Asker: 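Let me give you the structure first, and then I'll get to my questions.
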2 protein chains.
Amino acid sequence: MTPVRRRTLEILLESHRAMGAYDVLERLSQDGYGNQPPVAYRALDFLVEQGLAHRLQRLNAFAACLSPDRDHAPAFLICRSCDRVAETDAPVLRAAFRETAAERGFKVERLTVEAVGLCPACGDGDDTGADA
Amino acid sequence: MTPVRRRTLEILLESHRAMGAYDVLERLSQDGYGNQPPVAYRALDFLVEQGLAHRLQRLNAFAACLSPDRDHAPAFLICRSCDRVAETDAPVLRAAFRETAAERGFKVERLTVEAVGLCPACGDGDDTGADA
DNA sequence: GGTTGACCTGTTACGTTATTACCTCCATGC
DNA sequence: GCATGGAGGTAATAACGTAACAGGTCAACC
């Protein structure tokens, strides 16, 4: 864990939400680190590899892992209204899927599960969303 | 279904694999259609909406749906070695996940399930892949 | 016939996301 | 000292995606 990587993780943790690589980069460069994309992407890739952060494919964004200590099978609930992301664990789902895939001879290495929908706050009779 | 859309679907079907929007675009323009990105994206978005094609988030790519007739909950097996994509149905998984999400008050509208790993051909003692 | 409106296609221009290639720095081990 | 390898810095560019506008077609309607 190096300074850039640590700071990158802090940025993700502080924001409490998914951030694009370029948003992270901007923060990093404000803190005196490099201002070119690879700086952010390398740090983010490292964090993802270490299980300290996750990549959200549907958002082209990254978020700090909320339970980095234990090995887990994360699934994400992405609110299309307020853009908030909830991380949930779905071990049963993952195991079932692995098995299904194995029946077809496919070895699952990484599994992405992402749902888009409405979070409790936004779905509660409020279809227009609460961006705040 | 218009000529561009039909041709787009044919291109996806002919390739038997996931294609980037720009690859599709190139084929379209070879066939005398427009050569600007919106031409491909509009056709692809239409096909996805109609359930005739799917979007693969991890690949930023599109693939024809293999069973467009029935309503289904697709999950994808993406081989990291040969880039082939297998589409599979996972209704149980989807239902289980919806329930888990509902417990947390989240209304799932769209669910993405994508696995990266090794297909039977590439996992079979062949780690380097078979691009052909 | 003429008009209106919906829908589709085409194009320009631009914004966003991600990677390649190359260089420097520095800690380690010999 | 000096090779080695990991990490970070930078320039340049590739890849992906969208906004905004222009024209064309066609059915519906008066």
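No hydrogens, no waters, no symmetry mates; every other heavy atom, side chains included, goes into these values. Bear in mind the structure is a predicted one, so any value in this text is a computation, not a measurement. Every chain is numbered from 1, with letters handed out A, B, ... down the list of sequences.
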Asker: NA contact type, A/Arg42, heavy-atom cut-off 4.0 Å: base, sugar-phosphate, or nothing?
Answerer: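 Base contact.
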Asker: Going only through I, L, V, M, F, W and Y residues with side-chain contacts under 4.5 Å, is there a path from B/Ile78 to B/Leu118?
Answerer: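 No, no single cluster joins them.
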Asker: Quick one: does any side-chain atom of A/Lys107 pair with a main-chain N or O of B/Cys119 as donor and acceptor, under 3.5 Å?
Answerer: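 Between the backbone of B/Cys119 and the side chain of A/Lys107 there is no qualifying donor-acceptor contact (under 3.5 Å).
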Asker: Measure from CZ on A/Arg7 to C1' on D/dG9 and round the result to the nearest Å.
Answerer: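 That distance rounds to 19 Å.
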Asker: Run the ring-centre check on B/His54 versus B/Phe76 and record whether the distance is less than 6.0 Å.
Answerer: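 Between B/Phe76 and B/His54, which both carry aromatic rings, the centre distance is below 6.0 Å.
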Asker: Any base atoms under 4.0 Å from B/Arg55, or only sugar-phosphate, or nothing? Heavy atoms, all strands.
Answerer: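 The answer is sugar-phosphate, as B/Arg55 gets under 4.0 Å only of primed atoms, P, OP1 or OP2.
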Asker: Side chain of B/Tyr41 only, heavy atoms from C-beta on: which candidate in D/dC16, D/dT10, D/dA12 is closest?
Answerer: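 Ranking D/dC16, D/dT10, D/dA12 by closest atom to the B/Tyr41 side chain puts D/dC16 first.
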Asker: In whole angstrom, what separates B/Asp45's CG from D/dC16's P?
Answerer: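 B/Asp45 atom CG is separated from D/dC16 atom P by 15 Å.
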Asker: Round to a whole Å and report the spacing from CZ of B/Arg58 to P of D/dC16.
Answerer: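 Distance check: B/Arg58 CZ to D/dC16 P gives 16 Å.
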Asker: Can we say B/Arg55 and B/Glu114 salt-bridge, meaning some charged N sits less than 4.0 Å from an Asp/Glu carboxylate O?
Answerer: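 A salt bridge is absent here (no side-chain N lies under 4.0 Å from a carboxylate O).
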Asker: Atom OH of A/Tyr33 and atom P of D/dA7: how far apart are they, to the nearest Å?
Answerer: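 Rounded to the whole Å, the gap is 15 Å.
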Asker: Any ion pair linking A/Glu14 and A/Arg7 (charged N to carboxylate O, less than 4.0 Å)?
Answerer: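 Looking at A/Arg7 and A/Glu14, the cut-off is met.
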Asker: With sugar-phosphate meaning primed atoms plus P, OP1 and OP2, does A/Tyr22 contact a base, only sugar-phosphate, or nothing at under 4.0 Å between heavy atoms?
Answerer: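 The residue A/Tyr22 makes base contact.
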Asker: Rounded to the nearest angstrom, tell me the gap between atom CG in B/Leu25 and atom P in D/dC16.
Answerer: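 From B/Leu25 CG to D/dC16 P: 11 Å.
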Asker: Let me spell it out: for each of B/Gln36 and B/Val4, pick the nucleotide of DNA chain C with the closest heavy atom. Which residue's pick is nearer the 5' end?
Answerer: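 Closest to the 5' end, via its nearest nucleotide, is B/Val4.
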Asker: How many whole angstroms separate atom CZ of A/Phe46 from atom P of D/dG6?
Answerer: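 It works out to 13 Å between those atoms.
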Asker: Taking heavy atoms of chain B and a 4.0 Å limit, find me the 5'-most and 3'-most nucleotide of DNA chain C within that range.
Answerer: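 Listed 5' to 3', the contact boundaries are C/dC8 to C/dT12.
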Asker: Output the rounded distance in Å from CG (A/Asn35) to C1' (D/dG9).
Answerer: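 Answer to the nearest Å: 9 Å.
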Asker: Check whether any side-chain heavy atom of A/Leu52 lies under 4.5 Å from a side-chain heavy atom of A/Cys65, and answer yes or no.
Answerer: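 Counting from C-beta outward, A/Leu52 and A/Cys65 never come under 4.5 Å.
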Asker: Return the value, rounded to whole Å, for the distance between atom CZ of A/Arg6 and atom C1' of D/dG8.
Answerer: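 Interatomic distance, CZ of A/Arg6 to C1' of D/dG8: 16 Å.
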Asker: Please check if the side chain of B/Asp89 supplies one atom and the backbone of B/Ala73 the other of a donor-acceptor pair under 3.5 Å.
Answerer: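 Yes; judged by distance alone, with no hydrogens or angles, the pair exists.
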